[in-house]
Protein chains: 2
Amino acid sequence: MRKFIIAVDIGGSKVLCGVLNRNGEVLMHSRETTCAAGHPQAVIEQTERMVEELKLAMGLKKKDIMGTGVGVPGPLDYQAGIVEESPNLRWLKYPVREELSKRLGGKLLLDKDTNVAAWGEYYYGSNRKYRHLIYITVSTGVGGGIIVDGRLLHGLNGGGGEIGHMVVAPGGSRCGCGRRGCLEAVASGTAIAREANALIARGKGDMILANVGPGQPVSAREAGQAARQGDEEALRLIDQAGHYLGMGIANLVNIFNPEKVVLGGGAALGLHDLLLPIIQNEVINNVFSLHRRDLKIEMTRLGDDIVLAGCAAMVLNNPAAGK
Amino acid sequence: MRKFIIAVDIGGSKVLCGVLNRNGEVLMHSRETTCAAGHPQAVIEQTERMVEELKLAMGLKKKDIMGTGVGVPGPLDYQAGIVEESPNLRWLKYPVREELSKRLGGKLLLDKDTNVAAWGEYYYGSNRKYRHLIYITVSTGVGGGIIVDGRLLHGLNGGGGEIGHMVVAPGGSRCGCGRRGCLEAVASGTAIAREANALIARGKGDMILANVGPGQPVSAREAGQAARQGDEEALRLIDQAGHYLGMGIANLVNIFNPEKVVLGGGAALGLHDLLLPIIQNEVINNVFSLHRRDLKIEMTRLGDDIVLAGCAAMVLNNPAAGK
């Protein structure tokens with residue numbers, strides 16, 4: 001009887017593979033650094049090996065597997081299964097579904113990672129389904145998956161949900177997409193790290209630097225640690241990122257009137273104690289009373305496994321799967 | 001046999017009432033200036049009188065009328081039929097559906113004017129249905145109605161589509177909603193008029209002033225006329241509004257991946273020759289290739305009657321109507 005789901009989360013910095021049961025629980029998983037940006041074929045081979053290792057470790061045969069769910073960075077042409085132009089992975093028009101299907105076999109369902117995460121949150125994030133839900137990831141980039149009345153917003157070609165490329169700081173930092181001042185360019189983990197490094201380059205940011213281990217790069221994490229220690233420079237960095245996230249989320253709340261906004265991703269999870277209050281305050285003060293009346297803004301409870309959980313949700317809720 | 005639809009478009013500056021046939025064609029309509037901002041009861045009485053006059057003029061009896069569709073300014077609590085806080089009409093928690101139902105009688109369907117307009121565009125705007133459609137009105141304010149995969153985006157409480165309150169100019173002009181730099185505050189007809197008046201107050205804008213009739217206020221229209229005559233100051237005003245509209249629409253295109261963005265409303269219709277090329281250029285240069293691949297940005301062909309057409313669409317496509 002087929003009762004396991006293979007889940008794959010391919011990201012700009014890591015590949016995460018897992019085996020899940022019918023309840024969306026991760027039974028076993030493995031994580032590796034994404035092997036080479038700009039070389040999709042190498043990443044696909046890495047993924048194939050990781051999945052094979054998991055199947056071997058759990059003794060899974062083809063008949064045990066209900067299906068495989070995969071999340072990849074966007075923008076993704078959803079119908080064609082082609083990653084159009086990932087700024088993070090530097091893939092260009094790469095037919096990821098076809099290449100993965102060849103190697104992993106069986107029924108394969110694939111979507112943009114943030115959409116998969118939104119499904120994960122929808123099905124497993126809380127004890128009831130929030131039919132109007134925005135999931136936002138803050139990590140290397142900023143991305144979103146949006147559920148409108150219980151349905152995932154794909155748009156015409158699957159490009160729906162690219163909220164990281166909303167301009168919140170016109171004329172601001174250059175974004176990977178080419179625009180300036182995108183939410184991603186000023187509020188991602190990468191952006192916080194860039195600002196922290198810029199401080200240090202100007203001979204400031206001593207408290208941030210004091211938190212950096214020997215030989216380690218300065219990241220958003222160290223800025224967060226310094227902020228928790230009361231460092232004003234670090235607090236200002238975090239405050240700025242939180243302000244931009246709040247502004248962007250307020251825009252989205254006015255546009256979508258969701259019941260719930262859920263944050264996840266490495267930087268949001270790592271800095272949640274600092275970021276969440278700033279974001280909540282900014283949003284509540286900048287949306288219509290109708291829109292804030294029933295609104296919740298929370299962190300995901302699913303942590304790093306949110307895309308894996310979403311993979312299970314995709315497979316389990318696909319009418320063609322589960323046979 | 002019931003074959004006529006009563007349509008009502010209540011706006012900040014005008015009330016438009018019409019009688020339409022089953023093909024969404026306006027058979028007769030009347031237009032008046034909205035009688036008093038801040039006094040909803042007076043506007044409702046005005047509307048009742050206008051509808052009665054139309055029915056009398058066409059000799060319509062109760063049995064001839066399939067239903068009544070109404071568009072009102074948002075944010076509107078859609079389930080409850082209550083206008084929460086209209087910045088333009090200055091209505092606060094006004095139970096508009098109940099009050100109109102009492103007076104107009106019969107089956108009454110009501111939604112936010114921009115949502116109604118989006119339905120109008122969806123059903124009657126072109127010779128096929130664009131299932132991923134964003135309608136944007138630029139008039140006194142800036143508003144939107146968004147159709148996602150053939151369904152109107154209402155969100156949890158009916159507040160979906162408030163795109164005019166996306167911040168595109170942080171720290172910019174104060175908006176009626178309380179924020180600064182909202183799209184509405186920098187790119188509406190009101191905003192263009194305000195900037196034109198500010199120019200004139202600084203002793204500039206002679207060409208704009210030359211287009212103003214005696215005793216008339218300076219509006220976006222005169223700025224447009226001066227721009228068409230080659231006036232650089234006026235061109236700069238229009239260019240700025242177009243740039244902000246383009247930036248906001250680019251954000252929306254990345255978020256929704258629509259097939260079509262349609263513009264309407266007094267200012268957009270009146271300035272379309274100037275604004276549309278600026279907007280198209282700005283959007284095409286600021287969205288992902290996946291998102292611009294099949295994208296069209298056009299003016300509505302329905303002109304000022306778009307909300308009336310949408311009222312007919314609401315009534316005709318409501319399963320409970322038409323009996």
Side-chain angles (χ1 to χ4, degrees), chain A residues 74-78 82-85 87 93 130-132 144 146 148-149 151 153-170 172 177-179 181-183 243-244 247-248 250-260 285-295, chain B residues 74-78 82-85 87 93 130-132 144 146 148-149 151 153-170 172 177-183 243-244 247-248 250-260 285-291 293-295:
Chain A
L76 170 81
D77 182 328
Y78 179 65
I82 292 172
V83 171
E84 276 279 310
E85 48 167 340
K93 296 201 183 300
Y130 289 84
R131 295 182 62 81
H132 303 273
I146 299 170
V148 174
D149 201 11
R151 312 201 313 175
L153 170 67
H154 275 117
L156 181 66
N157 302 311
E162 292 291 347
I163 63 161
H165 304 280
M166 183 177 5
V167 173
V168 292
C177 77
R179 295 175 94 179
C182 292
L183 188 53
H243 160 75
Y244 285 130
M247 185 196 290
N251 291 343
L252 293 172
V253 167
N254 278 337
I255 294 169
F256 286 96
N257 187 195
E259 189 169 9
K260 202 170 184 179
N285 287 315
N286 285 292
V287 297
F288 287 107
S289 62
L290 181 68
H291 295 66
R292 72 173 166 254
R293 198 166 69 192
D294 305 298
L295 179 66
Chain B
L76 170 80
D77 183 328
Y78 179 65
I82 293 171
V83 171
E84 277 280 309
E85 48 168 338
K93 295 199 184 301
Y130 288 84
R131 295 183 62 81
H132 303 272
I146 299 170
V148 174
D149 201 13
R151 310 200 317 174
L153 171 67
H154 275 115
L156 182 67
N157 302 312
E162 291 292 347
I163 63 161
H165 303 281
M166 183 176 7
V167 173
V168 292
C177 78
R179 294 176 95 179
R180 282 191 175 276
C182 291
L183 188 53
H243 159 75
Y244 285 130
M247 186 196 291
N251 290 342
L252 293 171
V253 167
N254 278 336
I255 293 169
F256 286 97
N257 187 195
E259 188 168 8
K260 202 169 182 178
N285 287 315
N286 285 291
V287 298
F288 286 107
S289 62
L290 181 69
H291 296 67
R293 198 167 68 191
D294 305 300
L295 179 67

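The model shown is predicted, which means the values in this text are computed figures rather than measured ones. Lettering of chains follows the sequences in order, A, B, ..., and the numbering in each one begins at 1.
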All side-chain contact (heavy atoms from CB on, under 4.5 Å) counterparts of B:Arg131, not counting sequence neighbours: B:Tyr122, B:Asp149
Flag, side chain of B:Asn251 to backbone of A:Val167, donor-acceptor distance under 3.5 Å: yes
Options B:Leu153, B:Leu76, B:Val253, B:Val148, ranked by heavy-atom pairs under 4.5 Å with chain A, top entry: B:Leu153
B:Leu295, part contacting chain A, at a heavy-atom distance under 4.5 Å: neither
Straight-line distance of A:Met166 CE to B:Asn254 CG, nearest 0.5 Å: 10.0 Å
B:Asp77 side, atom CG; A:Arg293 side, atom CZ - distance, nearest 0.5 Å: 4.5 Å
Top of A:Gly159, A:Gly248, A:Cys182, A:Ala250 for chain B proximity - count of heavy-atom pairs under 4.5 angstrom: A:Gly159
Heavy-atom pairs under 4.5 Å with chain B, option from A:Arg179, A:Arg151, A:Glu85 with the top count: A:Arg179
Distance, nearest 0.5 Å, that separates CD1 of A:Ile255 from CD1 of B:Ile255: 5.0 Å
Contact check, side chains of A:His165 and B:Phe288, non-hydrogen atoms, under 4.5 Å: yes
Set of residues satisfying ring pair (Phe, Tyr, Trp, His ring centres under 6.0 Å) with respect to A:Phe256, sequence neighbours excluded: B:Phe256
Heavy-atom side-chain contact between B:Ile82 and A:Leu290 under 4.5 Å: no
Nearest atoms (heavy-atom pairs only) where A:Gly160 meets B:His291: N-NE2, 4.4 Å
Region of A:Glu259 in contact with chain B, defined by heavy-atom distances below 4.5 Å: both
Engaged part of A:Val168 at the chain B interface, taking heavy atoms whose separation is under 4.5 Å: backbone
Top of B:Asp294, B:Val287, B:Ile163, B:Asn286 for chain A proximity - count of heavy-atom pairs under 4.5 angstrom: B:Asn286
Top contributor to chain B interface from A:Gly178, A:Ser289, A:Gly181 [non-hydrogen pairs under 4.5 Å]: A:Ser289
Atom pair CG/CG of A:Leu156 and B:Asn257 - distance to nearest 0.5 Å: 5.5 Å
Under 4.5 Å from a heavy atom of chain B, the part of A:Leu183 involved: neither
